[in-house]
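All remarks here apply to the structure that follows.
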Amino acid sequence: MKILICNDDGFQAPGIVALHDALRTVADVEVVAPEHNNSAKSNALTLNAPLYVHQAYNGFRYVNGTPADCVHIALTGLLGYRPDLVVSGINNGANMGDDTIYSGTVGAAMEGYLFGIPSIAFSQVDKGWAELEAAAATARQMVQEMLAQQLIGTAPWLLNVNIPNMPLHALKSVKLCRLGRRHAAEQAIQQQSPRGETMYWIGSAGAAKDDSEGTDFHATAHGHVSMTPLKVDLTDHENLGYWAQTASKLAGPSTTPAAAS
């Protein structure tokens with residue numbers, strides 16, 4: 001089994017080092033990750049600047065781009081082969097609910113999925129890397145189980161996994177979840193620069209709005225590892241019928257009466 005590893009915290013982050021060390025015991029692994037922290041870069045690709053690849057002392061390769069850039073160039077020429085699995089993480093903090101839209105960790109995994117490769121994004125619930133070895137061991141266990149179930153090397157799928165910062169013996173079972181929802185983000189923080197210009201910092205993520213049973217928020221709060229299958233199709237299938245009449249009017253000939261001569 002060949003695994004491509006990426007993240008959004010940068011190639012030197014403890015999370016990607018721990019993930020690499022855990023997975024190299026069960027597979028051939030290669031790391032292609034961002035040079036610097038690229039949190040909240042989602043699926044962004046760099047189209048207006050060149051990308052450079054360098055190799056670190058430990059063999060990791062790093063790119064002056066986004067997480068999606070790293071996976072994209074790895075799969076379109078850098079590796080020279082097609083990996084069986086793309087794994088992203090371990091992220092420093094949760095990627096639950098609405099976070100998945102913005103997450104560079106999920107974005108890297110999604111790029112693998114878009115290329116038809118099974119992909120997993122792993123995150124720890126709390127920042128700070130506490131119990132990181134337990135999270136890495138959990139990731140290894142899950143990958144091994146996916147392989148045992150012959151889910152790797154088949155049809156592509158995309159999973160988002162969040163692991164509570166707990167010792168391995170205290171972690172509860174993996175729970176299949178839907179994404180929860182957050183309240184709107186906090187207000188932007190406004191400050192004055194040393195030159196007197198107004199600058200803004202994006203506010204903190206909103207608190208959980210839907211953390212009811214069945215959500216990733218609920219599962220991790222109760223000590224479970226949450227696993228959510230994701231898809232890329234953003235079509236609002238349930239409301240296609242609702243918009244049908246409006247669409248027909250927008251697409252049809254104008255019914256505005258002609259002005260009187």
Side-chain angles (χ1 to χ4, degrees), residues 8 38-49 51 65-73 75-76 86 88 91 94-121 123 154-162 175-190 198-219 226-261:
D8 73 354
N38 271 258
S39 295
K41 290 294 179 69
S42 188
N43 303 88
L45 292 176
T46 301
L47 303 179
N48 59 355
L51 295 171
T66 68
D69 284 334
C70 296
V71 175
H72 191 97
I73 64 172
L75 298 179
T76 57
V86 173
S88 182
N91 191 62
N95 280 306
M96 298 188 291
D98 305 341
D99 302 340
T100 57
I101 297 171
Y102 303 102
S103 168
T105 306
V106 175
M110 189 175 291
E111 192 69 14
Y113 171 77
L114 290 172
F115 275 89
I117 300 172
S119 302
I120 312 176
S123 303
T154 58
W157 38 260
L158 176 61
L159 295 177
N160 184 46
V161 177
N162 284 273
K175 205 164 215 184
L176 187 65
C177 304
R178 62 182 172 86
L179 296 179
R181 293 298 308 273
R182 288 191 184 276
H183 289 282
E186 301 292 332
Q187 291 291 311
I189 300 166
Q190 182 177 327
T198 302
M199 57 186 185
Y200 295 89
W201 296 89
I202 296 293
S204 301
K209 181 179 181 181
D210 176 9
D211 57 358
S212 57
E213 188 169 358
T215 65
D216 45 9
F217 287 111
H218 187 275
S226 71
M227 181 178 79
T228 304
L230 304 179
K231 63 179 183 178
V232 178
D233 184 2
L234 298 179
T235 306
D236 186 359
H237 291 280
E238 292 182 1
N239 284 310
L240 282 173
Y242 174 83
W243 289 104
Q245 186 176 12
T246 297
S248 64
K249 289 181 179 179
L250 291 171
S254 174
T255 55
T256 303
S261 55

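Worth knowing before you read on, the calculation uses all heavy atoms, side chains too, and leaves out hydrogens, waters and symmetry mates. Since the model is a prediction, treat every value here as computed from it, not as a measurement.
Within the structure, salt bridge (charged side-chain N to carboxylate O under 4.0 Å, His left out) pairs that include any residue of residues 99-113 comprise Asp99-Arg182 (at least two apart or interchain).
For Gln190, the side chain to side chain contact (heavy atoms under 4.5 Å, CB included) test picks out Thr198, Tyr200, with sequence neighbours left out. The side chain to side chain contact (heavy atoms under 4.5 Å, CB included) test applied to Ile101 returns no partner, not counting sequence neighbours. Looking at residues two or more places apart in sequence or on another chain, you find a side chain to side chain donor-acceptor pair (under 3.5 Å) between Ser39 and Asn37. A search for side chain to side chain donor-acceptor pair (under 3.5 Å) contacts involving Ser103 returns Asn95, not counting sequence neighbours. By the side chain to side chain contact (heavy atoms under 4.5 Å, CB included) test, Pro229 is found to be paired with Leu159, Leu176, residues two or more places apart in sequence or in another chain being considered. Considering only residues two or more places apart in sequence or on other chains, Thr235 meets the side chain to side chain donor-acceptor pair (under 3.5 Å) condition with Asp233. Applying the side chain to side chain donor-acceptor pair (under 3.5 Å) rule to Asn38 yields the partners Lys41; only residues at least two apart in sequence or on another chain are considered. Shown here are the ring pair (Phe, Tyr, Trp, His ring centres under 6.0 Å) partners of Tyr102, two or more places apart in sequence or in another chain: there are none.
Between Val106 and Leu230, the shortest heavy-atom distance links the atoms CG1-CD1, 3.8 Å. Of all heavy-atom pairs spanning Arg178 and Ser212, the tightest one is NH2-OG, 3.1 Å. When all heavy atoms of Pro67 and Gly104 are compared, the pair lying nearest together is CB-O, 3.4 Å.
For the atom pair SG (Cys70) and CG (Leu51), the distance works out to 8.0 Å, reported to the nearest 0.5 Å. Note that OG1 of Thr228 and CG of Asp216 are 4.5 Å apart. Values are rounded to the nearest 0.5 Å.
Within the 3.5 Å criterion, the main-chain N or O of Ser88 finds no donor-acceptor partner in the side chain of Thr105. Not one N or O on the side chain of Asp8 forms a donor-acceptor pair closer than 3.5 Å with the backbone of Asn91. Proximity of a side-chain donor or acceptor of Ser119 to a complementary backbone N or O of Ala109 within less than 3.5 Å is detected.
Between the side chains of Thr46 and Asp69, a donor-acceptor pair is found at a separation under 3.5 Å.
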request  = Would you sort out whether Cys177 and Thr215 count as a side-chain contact (heavy atoms from CB on, under 4.5 Å), showing the intermediate values?
outcome  = CA-CA 5 Å; Cys177 304; Thr215 65; 5.8 Å; no

